[in-house]
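Report on the structure given below.
Values below: all heavy atoms of this structure, side chains included; hydrogens, waters and symmetry mates excluded.
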Amino acid sequence: TKIVEPVFKMNGGAIYYINISQDDFKLGGSSFAQIVNKIGNEAPSVKSADYVKTVFNTLQGLIKNEKILAGHDVASGGLITTLLELCFANVNTGADLDLTALKEEDCIKMLFAENAGVVIQAADDSVDAVFTANGIDAVKIGTVTDADQLNIKNHTMKNTLSVSEMRDTW
């Protein structure tokens, strides 16, 4: 009976990214590679089935305890698609994001790689202790805003996308 929708909530906690694959960001086989007529030499893979199980079970416990407000898998289209889709369902929902902690200089790889992963919005910071206790590398990447913008920072790169324009394109 516990449901987490793929829609960011106002007045909620931080946004987290979990790279379930534990692999580097790779564009091989991705939607991005396809639109630029490439296949790529390296596709991301899952490094540990045990880690996938740990992440899954931990997230299920957090959902049961109402500690996750929103969530969406990272798959087709990559991290950028996931982040935008979490904003699309509501008018004037956006996010301020700093992706520097993901430790990838190449913004294209980071945003468009289709590593198995998940983006969640927590109810509060109590999830930090749960992630740490379970050995999960959940990276806090930002906060939800009531603006029609996705503000993205990665190291020195800064970019702003209009959520409504991206929704129309999508």
Stepwise side-chain contact (heavy atoms from CB on, under 4.5 Å) check, Asn41 with Lys26: CA-CA 9 Å; Asn41 296 323; Lys26 299 172 185 169; over 6 Å; no
Heavy-atom pair with the smallest gap, counting every atom of [X] and [Y]:
X	Y	value
Ile136	Val55	CD1-CA, 3.8 Å
Val4	Ile68	CG2-O, 3.7 Å
Pro44	Gly28	CD-O, 4.1 Å
Ala89	Val7	CB-CG2, 3.6 Å
Val139	Ala101	CG1-CB, 3.6 Å
Ser31	Gly77	OG-N, 3.8 Å

Nearest 0.5 Å please: distance from the [atom1] atom of [X] over to the [atom2] atom of [Y].
X	Y	atom1	atom2	answer
Leu97	Gln149	CG	CD	12.0 Å
Asn92	Cys87	CG	SG	11.0 Å
Asp146	Phe8	CG	CZ	14.0 Å
Ile120	Ile63	CD1	CD1	8.5 Å
Met110	Glu104	CE	CD	7.0 Å
Lys2	Gln60	NZ	CD	12.0 Å

If hydrophobic clusters are built from ILVMFWY residues whose side chains come within less than 4.5 Å, do [X] and [Y] share one?
X	Y	result
Leu99	Val144	yes
Leu59	Tyr16	yes
Leu27	Leu102	yes
Val52	Phe25	no
Ile108	Val36	yes

Looking only at the side chains, is there a donor atom on one of [X] and [Y] sitting less than 3.5 Å from an acceptor on the other?
X	Y	answer
Thr54	Asn134	no
Asp124	Ser126	yes
Tyr51	Asn19	no

Trace of the side-chain contact (heavy atoms from CB on, under 4.5 Å) decision for Ile152 with Ile80: CA-CA 10 Å; Ile152 304 170; Ile80 189 65; 3.6 Å; yes
Verdict with supporting geometry, Ile20 and Val74, side-chain contact (heavy atoms from CB on, under 4.5 Å): CA-CA 9 Å; Ile20 297 172; Val74 177; over 6 Å; no
Backbone N/O of Asn151 and side chain of Thr160: donor-acceptor pair under 3.5 Å: no
Pro6 backbone acceptor or donor facing Glu85 side chain under 3.5 Å: no
Check: Asp128 and Lys140 side chains under 4.5 Å, non-hydrogen atoms: yes
Within-4.5 Å side-chain heavy-atom neighbours: Phe131 and Ile18: yes
Pair Glu114-Phe32, side-chain contact (heavy atoms from CB on, under 4.5 Å): steps then yes or no: CA-CA 9 Å; Glu114 296 177 359; Phe32 179 81; over 6 Å; no
Sidechain N-carboxylate O distance under 4.0 Å for Asp24, Lys109: no
Of Asp98, Asp96, Ile141, the residue whose pairing with Lys153 passes side chain to side chain contact (heavy atoms under 4.5 Å, CB included): Asp98
CG (Asn11) with more than 12 external heavy atoms under 6.0 Å: no
